[in-house]
Structure formats: structure tokens, C-alpha cells
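For reference, the structure is listed below as C-alpha cells.
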Amino acid sequence: MELKVYIDGNLHPKSEAKVSVFDHGLLYGDGVFEGIRCYNGLVFRLNEHLDRLYESAHTIMLAIPLSKKEMTQAVLQTLKANQLKNAYIRLVVTRGVGDLGLDPRKCKKATVIIITDNIVLYPETLYRNGLEIITVPTVRNLPEALNPQIKSLNYLNNIMAKIEATSAGYQEAIMLNFQGYVTECTGDNIFLIKEGVLITPPAYLGALKGITRDAIMELALKQGVRCEEKVITRHEVFNAEEVFLTGTAAEIIPVVKVDGRKIGQGKPGRLTLQLMKAFHKLTKEDGVRYSL
Ligand code: PXG
């Protein structure tokens, strides 16, 4: 059966799922999105993802033509139509069809797209042995210019950094802000552990407040691990006991080398492994349940 894609209330076969070339999502990256996972019939933290989507939309003055309740139903309907118990969900809301000018007032109605598909994770060996990453030259967007809290369709900042990483032979990259402070990676948040304390950069430096990031901090606190949002430089990363990345797609992935510097013992650390285990347990409990 061909995968079905939700567009504005209708389900279309993947090969026929199309939007207009006049859609400002395409012409200007004018829109917002979310990446969500579901695990064995449970949409992980769907409400939190919808809150973030609607907040992004509110900030760019984009009216989403569905209530959160209707959006939830649309997501579940699409998952059921595709008979998916485990999936990656891509929720996209664009400014809609307009003319060739920038003015968003020309776009009369937002376009709502829901894609549900099978997910491709990092290979299993990377979760066992850890990832090697580098810092790249492209600086993270300034919050005062394009706030990283807005999960907008304009991801060129991250794509530039991704290109720099992959050209150098690495899969992920640390992005610094304009002052040289560590913000996050191209599609993941970054954490380090120093003297047993879990540390992640504050979002105001220019990082997305990840849903996985929130979940990890909650799990750490529950396990009695102290948790701090702290301004850090590469020096703190190089000299951490453990480093890991978090994101919807990657979940938690250990980092064992940064810019050629070995992190800790050069293998996934004890607290990282403990949090990975706790996170996997959480994905079985926390979310919106549905049946096929
Ligand atoms: N930072 C950025 C810039 C992101 O885009 C995260 C952190 C992690 O947030 P969550 O809420 O997922 O814990 C993201 C996640 C991908 C991919 O293919 C990831 C994201 C967007 C698009 C693609 O890995 N966003």
C-alpha cells in the first residue's frame, strides 16, 4: 500500500501529495514545522509538540486553521490510515498560496501537511560506541534576527552547518553563537556532564528548547542528578566527563570525540547510558495513545 499524506483535510497517495509552487512555504520558507515520534501506538509528548508548533505559528502571525484538538485528530487519522504503530511524524504548516511578493497578507489560508513515515535512526553501532562531532564555522542564528525558538521552515542556517560537517566526514556539528558560546547541534541539543552535574546551554544563547531536552532534564532530576542551564565554551565540552546529544530523531546519542579531543574515557559514559535507558522507558509511557 502506498503511503498516504494528509494535506488540508484530505489523504493523498504519496506520489500525488503536492502543494502549489506559489505556496510561501516553498517560495520563502514561510511556515513552521514539528518532527514527532510515535512508539508502539503512543505519540511521544504530542501535546508539547503541538504547544511548540502553535507558539512558533503565533510568533510569525500564522493562523493555523485547526484547533489543537482537531490537529491531534488529524495526526491520529493519518497514522491509522497508514497502519503505523511506530513512525516519524512531520507536521508542516505553511503560510499557504500567495503571489510572488513577500506580503503574507496575500496568502489567504495556511496549508497543513502531515507526513507519517518510517524512521531512519543513526546506525546501532553509534549508540553503542558514540559519535564523533566537530565545531563548524557557520554561527547559529541570532535570536534577535531569527529566533531558534521558532521552528520555521527556513532551516538554511542548520543546513549550512550540516554541509560543513558532512564535507569534513562527520555526521553532526556543534554550532556556536556569534560570541563563541556553544548553542546546539544542527538538529539536536547538546548536554555535558561535569563533576556529576548535567549541563546544557540556556536557550537564550540561540538554541531550540527541545522536547527531548526537557524530558532528559526531568529524568535526570528524578534520578537525583543535578541539572543546570549554563553558558559554556568548547573548553568545557572538551573537558567534560560525558557528552551526549538529544533530539526527536536521534533520541539520546553519546558523543565520544569533539574536534579531535577525546571525551572522558572515549566511550559512552555511565550517566549517559543510565539516561538512555530511562528515556526508552519514558517513550513507552508518556504521550497520546491510539489504536489502529
Ligand atoms: N535543535 C534543533 C535546531 C532542532 O531542529 C532539536 C534541537 C531537538 O528538538 P526535539 O524537540 O526534537 O528534542 C531539533 C529537532 C532531523 C531533524 O532529521 C531534527 C529536527 C528538525 C528536522 C530534522 O534530525 N529538529
Side-chain angles (χ1 to χ4, degrees), residues 33-37 39 44-45 48-49 52 56 88-90 119-136 138-141 147-152 155-166 168-177 181-193 198-220 227 229-230 232 234 236-237 240 242-259 263 268-269 271-273 275-276 278-280 282-283:
F33 79 101
E34 278 296 319
I36 311 168
R37 290 282 289 282
Y39 298 90
F44 183 69
R45 298 210 162 176
E48 289 81 352
H49 279 285
R52 190 170 66 183
S56 291
Y88 182 79
I89 304 162
R90 176 58 60 90
I119 171 109
V120 193
L121 282 175
Y122 282 121
E124 178 57 33
T125 51
L126 286 180
Y127 289 90
R128 243 180 295 125
N129 302 329
L131 196 60
E132 295 184 18
I133 62 174
I134 54 166
T135 311
V136 291
T138 292
V139 157
R140 189 75 177 104
N141 278 338
N147 196 327
Q149 293 325 320
I150 304 166
K151 217 165 149 51
S152 88
Y155 248 52
L156 262 186
N157 182 222
N158 312 60
I159 290 167
M160 294 289 283
K162 189 80 170 181
I163 289 169
E164 288 158 356
T166 55
Y170 296 85
Q171 307 198 50
E172 248 304 0
I174 293 180
M175 299 182 77
L176 307 177
N177 79 350
Y181 295 122
V182 173
T183 62
E184 61 179 338
C185 292
T186 68
D188 300 301
N189 289 111
I190 187 164
F191 283 87
L192 61 83
I193 291 157
L198 185 66
I199 297 166
T200 194
Y204 68 77
L205 286 185
L208 179 73
K209 270 191 202 137
I211 308 281
T212 321
R213 175 183 181 271
D214 277 350
I216 292 303
M217 290 197 278
E218 288 167 26
L219 289 173
C227 212
E229 290 189 12
K230 218 172 115 184
I232 51 172
R234 290 161 73 228
E236 277 83 45
V237 178
E242 303 180 28
V243 173
F244 61 83
L245 312 181
T246 67
T248 295
E251 303 177 337
I252 310 179
I253 187 153
V255 172
V256 292
K257 212 176 234 189
V258 178
D259 295 328
I263 305 301
L271 264 172
T272 304
L273 294 172
L275 287 167
M276 283 169 85
F279 183 76
H280 290 143
L282 190 69
T283 62

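- Atom CG of residue Asn189 and atom OG1 of residue Thr246 lie 4.5 Å apart, to the nearest 0.5 angstrom.
- Listed here is the closest heavy atom pair of Val136 and Ala165: CG1-N, 3.8 Å.
- Every side chain to side chain donor-acceptor pair (under 3.5 Å) that Glu251 has, sequence neighbours left out, goes to Arg37, Tyr39, His280.
- Counting only heavy atoms from C-beta outward, the side chains of Met175 and Asn157 approach each other to under 4.5 Å.
- Shown here are the ring pair (Phe, Tyr, Trp, His ring centres under 6.0 Å) partners of Phe279, two or more places apart in sequence or in another chain: Phe44.
- His49 places none of its side-chain heavy atoms less than 4.5 Å from the side chain of Ile89.
- Proximity of Leu198 to Leu271: side-chain heavy atoms (C-beta onward) are nowhere separated by under 4.5 Å.
- With sequence neighbours excluded, the residues forming a salt bridge (charged side-chain N to carboxylate O under 4.0 Å, His left out) with Asp259 are Arg234, listed by chain and number.
- Residues forming a side-chain contact (heavy atoms from CB on, under 4.5 Å) with Leu273 (at least two apart in sequence, or on another chain): Pro268, Met276.
- Closest approach of Leu208 and Pro148 over heavy atoms only: CD1-O, 3.2 Å.
- Considering only heavy atoms from C-beta on, Val120 stays 4.5 Å or farther from Tyr88 through its side chain.
- Checked against side-chain contact (heavy atoms from CB on, under 4.5 Å), Glu229 has the following partners two or more places apart in sequence or in another chain: Thr200, Pro202, Arg213, Met217.
- Between the side chain of Tyr127 and the backbone N or O of Ile252 there is no donor-acceptor pair closer than 3.5 Å.
- Remark: Ile36 CD1 to Glu48 CD distance equals 10.5 Å, nearest 0.5 Å.
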request  = Go through Arg45 and Thr248 one step at a time and tell me if the side chain to side chain contact (heavy atoms under 4.5 Å, CB included) criterion holds.
outcome  = CA-CA 10 Å; Arg45 298 210 162 176; Thr248 295; over 6 Å; no
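- Note that OG1 of Thr138 is 10.5 Å distant from CG of Leu176, once rounded to the nearest 0.5 Å.
- Judged by distance alone, with hydrogens and angles left aside, the side-chain atoms of Glu172 form a donor-acceptor pair with the main-chain N or O of Thr186 at under 3.5 Å.
- Defined by atom type and a distance below 3.5 Å, a donor-acceptor pair is missing between the side-chain atoms of Gln149 and Ser56.
- Listed by first and then second residue, the salt bridge (charged side-chain N to carboxylate O under 4.0 Å, His left out) pairs that reach into residues 182-193 are Arg140-Glu184, sequence neighbours excluded.
- Shown here are the side chain to side chain donor-acceptor pair (under 3.5 Å) partners of Asn147, two or more places apart in sequence or in another chain: there are none.
- Looking at Glu242, its side chain does come within 3.5 Å of a backbone N or O of Thr272 through a donor-acceptor pair.
- Listed by chain and residue number, nothing satisfies the side chain to side chain donor-acceptor pair (under 3.5 Å) test with Thr183 (two or more places apart in sequence, or in another chain).
- In terms of the side chain to side chain donor-acceptor pair (under 3.5 Å) criterion, Thr212 has no residue partners (sequence neighbours excluded).
- For Glu34, the salt bridge (charged side-chain N to carboxylate O under 4.0 Å, His left out) partners at least two apart in sequence or on another chain are Arg52.
- Annotation: side chain of Val182 is not in contact with side chain of Leu192 (no heavy-atom distance under 4.5 Å).
- With sequence neighbours excluded, the residues forming a ring pair (Phe, Tyr, Trp, His ring centres under 6.0 Å) with Phe33 are Tyr155, listed by chain and number.
- Residues satisfying the side-chain contact (heavy atoms from CB on, under 4.5 Å) criterion with Val258, sequence neighbours excluded, are Ile133, Ile174, Val237, Phe238, Val255, Ile263.
- Taking CZ from Phe191 and CG from Leu245, the interatomic distance works out to 10.0 Å, rounded to the nearest 0.5 Å.
- Note that the CG atom of Leu131 and the OG1 atom of Thr125 stand 10.0 Å from one another [nearest 0.5 Å].
- For the pair Phe244 and Ile193, the tightest heavy-atom approach, listed with the atom from each and the gap, is CE2-CD1, 4.1 Å.
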